[in-house]
Structures are given as structure tokens and as C-alpha cells.
Amino acid sequence: MVALPVRIIIERKLNKLTEDQLNEVLVRIEEIESHDSEDYDETRDLTIGFIHGATDAGQRTKDILQAEFGVKKDS
């Protein structure tokens, strides 16, 4: 048995609803959309800049240890 994509399941269920029920669904969808955009705060997003930076973390770590603690760097 193949699982149907969520969109198709939702479309089928929406087709069975009355106009009043559809209006309720629309209100809830709009609440979800506005809730997502209101809660998002770019300044608190830890994933921004996560991938930026030195591409060789191991080498950078060795450089920091050597500079800060005098740890011998393996060449």
C-alpha cells in the first residue's frame, strides 16, 4: 500500500466540508501562518551563520590552542 501525499489527503477532506466548515479551516490556516511569522526572530535564530566561517574546523582549533595555550601544533 502506498501512502498518499498529505496535500492529496487534505484536498479530499476539504472537498467533503461545508462552506461554513471551509471558512473555519481558512481562519485556522491564517492563524497558523501569522503565528509562524510572528514568533520568528532572526536575531535569535541560532542557525544563521552556522555554516559560515572557516572550512577547516580542525586546523582552526589547532591554531586557537596554539595561540591561547602554547599547545604545539602538529604540522
Side-chain angles (χ1 to χ4, degrees):
M1 183 174 148
V2 177
L4 292 174
V6 174
R7 289 184 185 272
I8 292 176
I9 294 169
I10 292 172
E11 285 175 8
R12 288 181 179 177
K13 290 184 179 285
L14 288 174
N15 287 333
K16 295 177 183 178
L17 298 179
T18 66
E19 285 300 311
D20 288 339
Q21 290 171 321
L22 287 172
N23 284 328
E24 275 187 57
V25 171
L26 180 58
V27 167
R28 290 176 194 247
I29 289 172
E30 289 170 347
E31 287 173 358
I32 291 170
E33 287 176 331
S34 69
H35 179 71
D36 287 345
S37 63
E38 288 173 3
D39 284 349
Y40 179 72
D41 181 3
E42 184 177 320
T43 61
R44 301 185 74 198
D45 189 343
L46 300 177
T47 61
I48 293 179
F50 180 72
I51 297 177
H52 292 38
T55 55
D56 186 356
Q59 183 61 47
R60 181 75 182 118
T61 301
K62 289 179 183 179
D63 293 343
I64 291 170
L65 288 172
Q66 182 183 20
E68 295 296 322
F69 302 107
V71 174
K72 209 177 206 180
K73 183 166 85 169
D74 297 331
S75 297

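Atom set for the values below is all heavy atoms of this structure, side chains included, hydrogens, waters and symmetry mates excluded.
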Could I get the full list of side-chain contact (heavy atoms from CB on, under 4.5 Å) partners for Glu30, not counting sequence neighbours?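 Listed in chain order: Leu26, Glu33.
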For residues 14-21, which side-chain N or O atoms pair as donor and acceptor with protein atoms under 3.5 Å away, sequence neighbours left out?
| residue | atom | partner | partner atom | Å |
| --- | --- | --- | --- | --- |
| Asn15 | ND2 | Glu11 | O | 3.2 |
| Thr18 | OG1 | Gln21 | N | 3.2 |
| Thr18 | OG1 | Gln21 | OE1 | 3.3 |
| Gln21 | OE1 | Thr18 | N | 2.8 |

Report the C-alpha distance between Val25 and Ile29 in whole Å, list the side-chain angles of each, state the deciding distance to 0.1 Å, and finish with yes or no for side chain to side chain contact (heavy atoms under 4.5 Å, CB included). CA-CA 6 Å; Val25 171; Ile29 289 172; 3.8 Å; yes
